[in-house]
Amino acid sequence: MVIRFPRVALRTAPAGLFRDPDSITLHIWTITLCNRMSENRGAMSIRHFIGGAIALAAVAAGTFGGAGTAAATAPPAAAPAAAAPAAVKGGGGHGDATAPERVLSNSALVRASKALVDSAHRHGNQRVTMVIMERSGVIRLVVRTRQAGPQTYESAKRKAYTAVAFGQPTSALSGNETIKQIPGTLVLPGGVPVKHNGFPIAGIGVGGAPDGRIDEAIANDVLAAIGH
């Protein structure tokens with residue numbers, strides 16, 4: 001039995017048909033084989049045709065199988081290196097580079113809020129504002145009773161500032177002319193310091209009552225509540 005093959009006109013693969021370089025090699029090899037078979041114009045036995053088909057199958061198996069094996073055995077991508085820990089100031093065993101700072105707890109501030117409202121009510125429903133300021137100058141708490149005037153906040157803040165800055169009740173500083181000249185201070189009664197081991201860590205300022213002694217009495221009630 002004789003099989004004749006027509007000349008193959010295909011010269012190049014369609015664009016985008018093969019993206020793998022090995023696939024392109026196989027495609028070109030196939031075209032070359034078919035061209036040679038057609039150029040012979042002679043009869044080819046079934047034995048030669050089968051032999052060529054087996055060779056083509058072997059190339060295909062080697063090309064695609066090898067690619068699959070390479071993909072399967074490719075080593076996994078290296079995991080990204082772990083980020084180095086951030087440097088911490090004061091670390092490295094330099095324990096003397098930092099020091100603890102005493103501040104009022106949140107629960108103490110809650111007690112202070114309640115004490116202000118109760119004391120203002122007990123002293124005749126005073127319309128006052130209370131400010132608690134830390135030693136650093138940070139305001140930790142502001143409580144304002146109903147209908148307290150806008151000026152009461154500034155008064156309470158300056159009293160708290162003065163009490164924590166100098167570690168004394170503002171009423172005890174009323175005769176100090178030097179302190180009166182420092183911006184932000186107010187030596188009217190109503191400011192008391194909060195101390196820990198004798199050192200002021202916060203100041204309580206109350207302003208708004210018609211008499212500074214009432215402001216100071218309310219501030220002392222708040223101080224007592226913080227201590228408990």
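Since we're looking at a predicted model, the values are computed, not measured. Residues take their numbers from the sequence shown, with the count starting at 1.
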Under the 3.5 angstrom rule, does the side chain of [X] hit a backbone N or O of [Y] as a donor-acceptor pair?
X    : Y    : answer
T152 : G208 : no
K195 : G167 : yes
T185 : T162 : no
R102 : H196 : no

Taking every non-hydrogen atom, the tightest pair across [X] and [Y]:
X    : Y    : value
H123 : A217 : NE2-CB, 3.7 Å
A163 : G203 : CB-CA, 4.4 Å
D215 : G207 : OD2-CA, 3.7 Å
A165 : R135 : O-NH1, 3.4 Å
V128 : A209 : CG1-N, 3.6 Å
N176 : T178 : OD1-N, 3.0 Å

Query raised in the report: Out of P189, P193, S174, which one pairs with P169 under the side chain to side chain contact (heavy atoms under 4.5 Å, CB included) rule?
Result: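 The passing option is P193.
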
Sub-4.5 Å side-chain heavy-atom contact between [X] and [Y]:
X    : Y    : value
Q151 : E154 : no
E134 : V164 : no
T170 : L186 : no
V206 : Q126 : no
I182 : F166 : yes

Pairwise distance [atom1]([X]) to [atom2]([Y]) - rounded to 0.5 angstrom:
X    : Y    : atom1 : atom2 : answer
L109 : L141 : CG    : CG    : 5.5 Å
R127 : R146 : CZ    : CZ    : 9.5 Å
K159 : E216 : NZ    : CD    : 9.0 Å
R111 : N106 : CZ    : CG    : 11.0 Å
M130 : D221 : CE    : CG    : 11.5 Å
R158 : L188 : CZ    : CG    : 8.5 Å

Should [X] and [Y] be regarded as members of a common hydrophobic cluster, given that ILVMFWY residues are connected when their side-chain heavy atoms come within less than 4.5 Å of each other, either directly or indirectly?
X    : Y    : answer
I201 : V222 : yes
L116 : I226 : yes
I132 : F199 : yes
L104 : V110 : no
I218 : L223 : yes

Query raised in the report: Around atom NZ of K114, are there more than 12 heavy atoms of other residues, nucleotides or ligands at under 6.0 Å?
Result: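 It does not: K114 NZ has 12 such atoms or fewer within range.
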
